[in-house]
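If you're wondering where the values come from, they're calculated on a predicted model, not measured in any experiment.
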Amino acid sequence: MKEILLIGVACVICCPFLLGQNGMLPTTRVLYKMEKNKTEGLPPAGIKVFRVDSKSNISFPCNKASTDPLFIYDNITNSTTIETEGWRNENTDSSAGISYLGNSGAHAYGGFILDSINPMGVRKLSIAWSCRTVLARASSTNSMQMQYEGLEMGATTDYTCKYTCSRTPGLEQNTHYTLEQTNEKWYSSPSNTFSPAYQLRWSYYCNKKNVSSQSRISLDNLIVKEVLNATKQDGALTDPTIWSLGIPQKYENFVLNHNTTLNSAQSAGEVQVAPGKFLNLTPGSALSVRKLDLYSDDTYGTSEIVRDGGTLSVTDKVSITKTLPEKGKWYFISFPFDVCASGIKSFDIGDETTTEAGNHLYIKSYDSEKRATSGRSTGNWVVTPSPTDQSTILFEKNKGYLIAIDATSDTQEICFESSSSTTFGCSETISTSCYIHDNNPESVHTGWVLTGNPLLNNLQLNGKPSLIGLTPFAYYYNQETHTYDVFNMAENKLPFKPFEAFFVKATEHGEMCFTTATDTGSKSIAEQEKKCITLTIKSNENESRADKTVFQLTENGKSSFSQSEDAYKLSSLDKEMPQISSDANGIEVAVNTLPLSIDTIIPLTVYCPGEGEYTISSEGASVLKELILIDLQTNTSYDLLSNKEISFVAEQSDDHRFQLKIKGYPETTTENLKMNKEYDLSIQNESLHITNSGKSIKLHVADAQGRNLFDGNISSEFNLPLQGVSGLIIVTLKDEKQTNTYKLIIKNI
């Protein structure tokens with residue numbers, strides 16, 4: 001297998017799609033296309049090209065199921081010549097494309113029955129074709145017309161688009177017709193074995209009955225497109241003003257290019273949801289579709305089906321189309337449904353034995369048992385072998401994987417289609433079966449599970465659930481920063497989109513419960529916590545290459561390692577990325593939870609990918625009394641409270657070069673805290689209470705982030721409300737003789 005690099009995170013319609021402006025899906029799609037000089041051999045299944053003379057009594061059936069013959073030949077005499085073997089060329093004109101329609105009569109029929117369209121849910125067809133005069137005879141005029149009818153609409157035939165071809169041989173004439181049907185009979189129920197079909201044929205007319213006097217016409221090109229009903233703006237699905245063709249009819253196919261809400265019960269054919277758009281199923285609503293097509297795009301986001309109490313039923317399959325940002329690089333992915341080998345379109349499965357170029361998809365799964373047994377954090381990915389059976393499940397639902405396409409692939413778009421027998425996108429519980437080696441749930445290397453979003457909408461945990469058998473953190477590989485972001489699941493903060501994968505660490509077999517509500521404001525732990533100190537390391541040559549470690553100060557924090565409070569460090573798989581973590585009893589952690597009154601020295605693990613200049617900076621350090629970075633190699637100490645950034649030159653990885661001295665503030669509620677004989681400070685009824693001897697005092701109060709809570713003069717007795725304020729506040733009192741500053745820890749306010 002060719003070498004493939006990991007760079008980021010990624011995730012049907014069964015054919016390529018091109019996004020238009022603003023990430024919109026196309027509103028037409030080609031059902032059939034036949035071109036001149038490209039029609040050799042037999043026609044596609046379900047299409048019959050025929051040619052008969054005007055003496056033939058040929059009729060269009062109106063009651064045939066799709067598996068029956070499409071033409072009735074009972075009344076055709078033995079003398080009638082019917083050619084059905086394939087595309088027919090006549091005489092010496094090898095460029096004739098689909099069929100000649102001229103024969104020995106003045107009026108002849110020829111053309112196509114497009115039975116294999118089976119347009120379940122098709123309301124509107126766009127039909128275009130070209131014809132030309134092959135042989136022009138003096139005083140002989142000719143014309144072409146298309147005829148159509150639908151199987152469930154009775155025997156009426158409409159003749160449309162009468163067209164007189166140019167007398168000049170070879171001059172191509174183009175025409176177009178849009179066929180629309182709004183009768184509900186065109187939309188067959190998904191459970192109905194009868195599939196409606198359009199019938200199309202072309203009729204040739206010549207004013208000369210004698211064969212030797214007739215001009216000849218060829219029908220060279222044909223393209224049949226479905227015109228899809230599409231949204232024009234956000235709104236309710238039942239609002240006719242948001243649709244290009246009006247409210248979708250029963251079992252109709254349509255495109256959601258905007259955010260749409262369903263408040264009732266609706267049956268549909270094939271529904272496509274554009275990248276970054278959602279269909280919200282409100283309480284009591286129900287959507288039953290034959291097929292559901294979703295898309296994921298780096299610019300516009302991922303399609304969502306948000307079930308805010310509504311129900312979703314898909315009778316056939318669901319698909320996801322994803323364009324990978326780069327070839328030859330690994331991306332994380334997960335599916336809320338099983339995907340068999342047959343459900344992967346336009347790619348075959350490569351493995352470790354694959355050496356030739358081509359459209360190969362490579363798959364890796366994470367072997368948690370191997371990690372637990374070996375005690376190593378590397379070398380635990382296993383390549384999926386190429387299947388011999390197309391029914392082999394390559395992606396199990398709610399399990400995470402790595403995927404990559406070959407660097408020589410001719411497309412970066414890959415389509416995954418669900419197994420028709422599985423349920424998907426509705427589960428709100430994920431089983432977290434894991435491997436616990438030697439009954440040691442505290443081991444760094446045991447219990448790792450690569451799982452994924454089980455829903456078709458952005459993931460959010462349901463309140464603060466009991467995470468059965470799990471540590472509270474989720475580890476997500478950020479494709480932009482090439483590092484793992486850490487999220488505290490117990491705090492209901494998860495940014496995971498549909499089809500995204502993430503790691504969790506289990507201590508026993510358990511489960512996670514989810515809600516279907518969206519959460520667009522999720523933030524990482526470093527952004528969530530007010531009392532966080534963040535250290536960042538970056539390369540001075542490439543500042544986009546940066547990594548962080550977080551220290552979190554809480555009342556009940558422990559200096560020792562705790563799986564419920566400290567998040568493990570998962571190093572970037574991009575070896576060009578500098579890394580930083582702190583040490584908790586010999587374990588590298590990304591989030592180190594400490595008590596507010598901490599006073600200790602903590603070793604740092606720093607990885608530098610090569611020689612060069614690097615910078616370590618601090619953020620949020622004002623909540624501390626002291627934060628000192630110690631460089632053991634140069635025997636230098638840096639005060640990160642006064643100088644928030646230091647640079648150093650690395651010659652190697654420098655794993656144990658740095659230490660961090662942290663000193664917090666003592667825990668106090670400031671109850672009846674006497675500052676001096678002139679005035680008293682205390683916390684009373686969620687307020688800062690100050691009393692003094694009646695002198696005018698200048699008072700300034702700020703929080704740890706420097707935001708002013710009060711700035712002004714006070715006298716006698718003063719109360720400053722502190723509702724919603726917690727942590728460190730800085731109180732400065734200035735009178736005519738002196739200035740006093742106090743740092744107070746406000747708890748449980």
Side-chain angles (χ1 to χ4, degrees), residues 491 521 523 525-535 550-557 593-600 617-628 638-645 660-749:
E491 294 174 350
K523 296 181 179 180
I525 283 179
E527 296 171 309
Q528 293 167 25
E529 296 299 326
K530 294 181 179 179
K531 289 174 283 190
C532 280
I533 301 94
T534 302
L535 293 188
V550 176
F551 299 87
Q552 181 175 295
L553 302 182
T554 67
E555 289 183 29
N556 301 317
T593 303
L594 302 168
L596 288 170
S597 57
I598 186 71
D599 187 356
T600 189
S617 59
S618 66
E619 182 182 356
S622 58
V623 301
L624 293 172
K625 186 175 183 179
E626 191 174 88
L627 185 66
I628 305 295
Y638 303 92
D639 183 357
L640 294 181
L641 290 179
S642 58
N643 184 9
K644 297 185 180 301
E645 184 174 287
L660 195 66
K661 184 179 180 182
I662 298 179
K663 189 172 184 179
Y665 288 97
E667 298 181 37
T668 176
T669 60
T670 71
E671 292 179 0
N672 299 318
L673 182 64
K674 191 174 181 64
M675 298 301 164
N676 62 31
K677 63 181 180 179
E678 298 292 336
Y679 40 79
D680 293 328
L681 276 72
S682 64
I683 300 297
Q684 298 179 12
N685 299 322
E686 297 188 337
S687 297
L688 173 64
H689 183 68
I690 302 175
T691 59
N692 62 71
S693 58
K695 294 181 180 180
S696 177
I697 301 174
K698 176 73 172 178
L699 171 65
H700 179 77
V701 183
D703 64 11
Q705 285 72 42
R707 294 186 294 260
N708 285 341
L709 302 179
F710 181 84
D711 189 19
N713 293 320
I714 66 171
S715 61
S716 300
E717 192 168 342
F718 176 77
N719 285 288
L720 175 64
L722 293 175
Q723 288 89 349
V725 178
S726 64
L728 179 71
I729 64 170
I730 301 171
V731 180
T732 302
L733 294 164
K734 183 178 181 180
D735 59 26
E736 59 186 16
K737 295 182 179 179
Q738 60 184 340
T739 299
N740 295 296
T741 299
Y742 307 96
K743 293 183 179 180
L744 310 177
I745 301 294
I746 309 301
K747 303 199 303 180
N748 300 323
I749 299 302

With rounding to the nearest 0.5 angstrom, report the [atom1] to [atom2] distance, [X] to [Y].
X	Y	atom1	atom2	answer
I598	K661	CD1	NZ	12.5 Å
D599	L624	CG	CG	10.5 Å
L699	L733	CG	CG	5.5 Å
L660	E626	CG	CD	10.5 Å
L688	F710	CG	CZ	10.0 Å
L640	I533	CG	CD1	11.0 Å

Within the supplied structure, the quantity of interest is the number of heavy atoms (other residues, nucleotides, ligands) at a distance under 6.0 Å from K698 NZ; does it exceed 12? yes
Closest heavy-atom contact between [X] and [Y]?
X	Y	value
L553	P595	CD2-O, 3.8 Å
H689	N719	ND1-OD1, 2.8 Å
C532	V550	SG-CG1, 3.9 Å
S618	L627	CB-CD2, 4.2 Å

Identify, with sequence neighbours excluded, every residue that meets side chain to side chain contact (heavy atoms under 4.5 Å, CB included) alongside S617. T536, E645
D639: side chain to side chain contact (heavy atoms under 4.5 Å, CB included) partners, not counting sequence neighbours: I628, L641, S642
